[in-house]
Amino acid sequence: MALVSFGLASELSSFNNCDFLSSSDLNSSQTFSIFQLSKQLKSGDRRIDLGNRVLGLIFTKASTRTRVSFQVAMARLGGQTVDLNPQVTQLGRGEPLKDTARVLSRYCDVLAIRTYSQQELQDYAKWSTIPVINALTDLEHPCQALADYLTVQEKFGELKGINLAYIGDGNNVANSLMICGAQLGVNVRICSPKGFEPEQKIIEKANSLSRFGSEISLFNDPLEAVKGVHVIYTDVWSSMGQENEQLKRRKIFEKYVVSEKLIELADEKVILLHCLPAHRGEEITEGAFESRFSSIFDQAENRLHVQQALLAVQLGGL
Ligand code: CP
Ligand code: NVA
């Protein structure tokens, strides 16, 4: 089939060498173009060989999907990855980040970093001379949001006017869903217990980026939030680093379970998404997880395709 059209290539070439630290780093037309490229890569209509480029993975937290999908994406682009976990580098023995970033920039072509604070990620970006990708921080999970909305687009054909209800903690996943969704025309409803809503500044950021009439709204009642929606989304109640709050949160979130009964209140064509890993019996029931509404594994697969497209764009492979 045809190669990427000139319009798509020129749209994306503006992102060569750029960092991807937040969902706001890509504008709506760049994101739509990444979806188009992701679909071409997924179907096999397009192949891109970057010629042995190297992605460094610095992961301070556990990961299955993000780590493996980046490794496979890089292999498919003709490149390779190196594992730079703090446990196996001098980072774990206190070598300063600013030295590490400058050294790694001399060996690698791009870095994907999973860490706690967004500030630390920004510091890596400041000291690196190569592009840096947010592979999850406590504030955002922008690669996840790309895969999520590609999945929704594949299922419904378009994103404008789609109503998505996120049920649970106002966390990193919820933040990127709002910021990315607002730019793509999705109406994002965030439904959390009082005190667990996303930060006001993230809601304001999402609202300021809103395109195509997208609306961001907050709910406390899941029964209200899911009425008529096309997508129900959930994530764990306690994120990595919050393990000591698990017992307390189980009680606070007990009304925020995505169940088959809750799904019945949504649109009849509703799909169910979860970024994974899932805690069955907490944020989602076994029945809902395994139901015909679930697009969870299509969503997980799409991590690979969007990240392959993102790397190709950042490394100038178009
Ligand atoms: N969804 C996601 O980021 O999964 P991992 O923690 O396994 O990478
Ligand atoms: N909110 C979760 C997402 C895991 C992919 C966490 O940060 O642990």
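A quick note: this is a predicted structure, and the numbers were derived from the prediction, not measured. Each ligand, and each atom within it, is numbered from 1 in the order the structure gives.
For atom 4 (O) of ligand 1, the closest non-hydrogen atom on the protein side is Arg65 NE, 2.9 Å. For atom 7 (O) of ligand 1, the nearest protein heavy atom (residue, atom name, distance) is Thr64 N, 2.7 Å. Here the heavy atom of the protein found nearest to atom 4 (C) of ligand 2 is Leu136 CD1, 3.9 Å.
With respect to Lys160 and Glu158, no salt bridge is recorded, no charged nitrogen being found less than 4.0 Å from a carboxylate O.
In Arg303, the part holding a heavy atom less than 4.0 Å from any atom of ligand 1 is the side chain. Contact annotation for Arg114 and ligand 1: only side-chain heavy atoms (C-beta onward) come within less than 4.0 Å of the ligand. Of all the heavy atoms of Thr66, none lies under 4.0 Å from any atom of ligand 2, so neither backbone nor side chain is involved. Only the backbone of Leu276 comes within 4.0 Å of ligand 1, counting heavy atoms alone; no side-chain atom from C-beta on gets that close.
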Tyr256/Phe196 under ring-ring contact (aromatic ring centres under 6.0 Å, His included): CA gap, chis, key distance, verdict: CA-CA 12 Å; Tyr256 293 79; Phe196 293 85; 9.2 Å; no
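Ligand 1 lies out of reach of Lys61, whose nearest heavy atom is not under 4.0 Å from it.
Looking at ligand 2, you'll find an N or O of Met240 within less than 3.5 Å of one of its N or O atoms. Taking any N or O of Asn172, backbone or side chain, at least one lies under 3.5 Å from an N or O belonging to ligand 2. The shortest N/O to N/O separation between Cys275 and ligand 1 falls below 3.5 Å.
When atom types are taken as modelled, the side chain of Asn175 and the backbone of Glu140 share no donor-acceptor pair closer than 3.5 angstrom.
Across Thr137, Asn175, Asp235, Leu276, heavy-atom proximity to atom 1 (N) of ligand 2 is greatest for Asp235.
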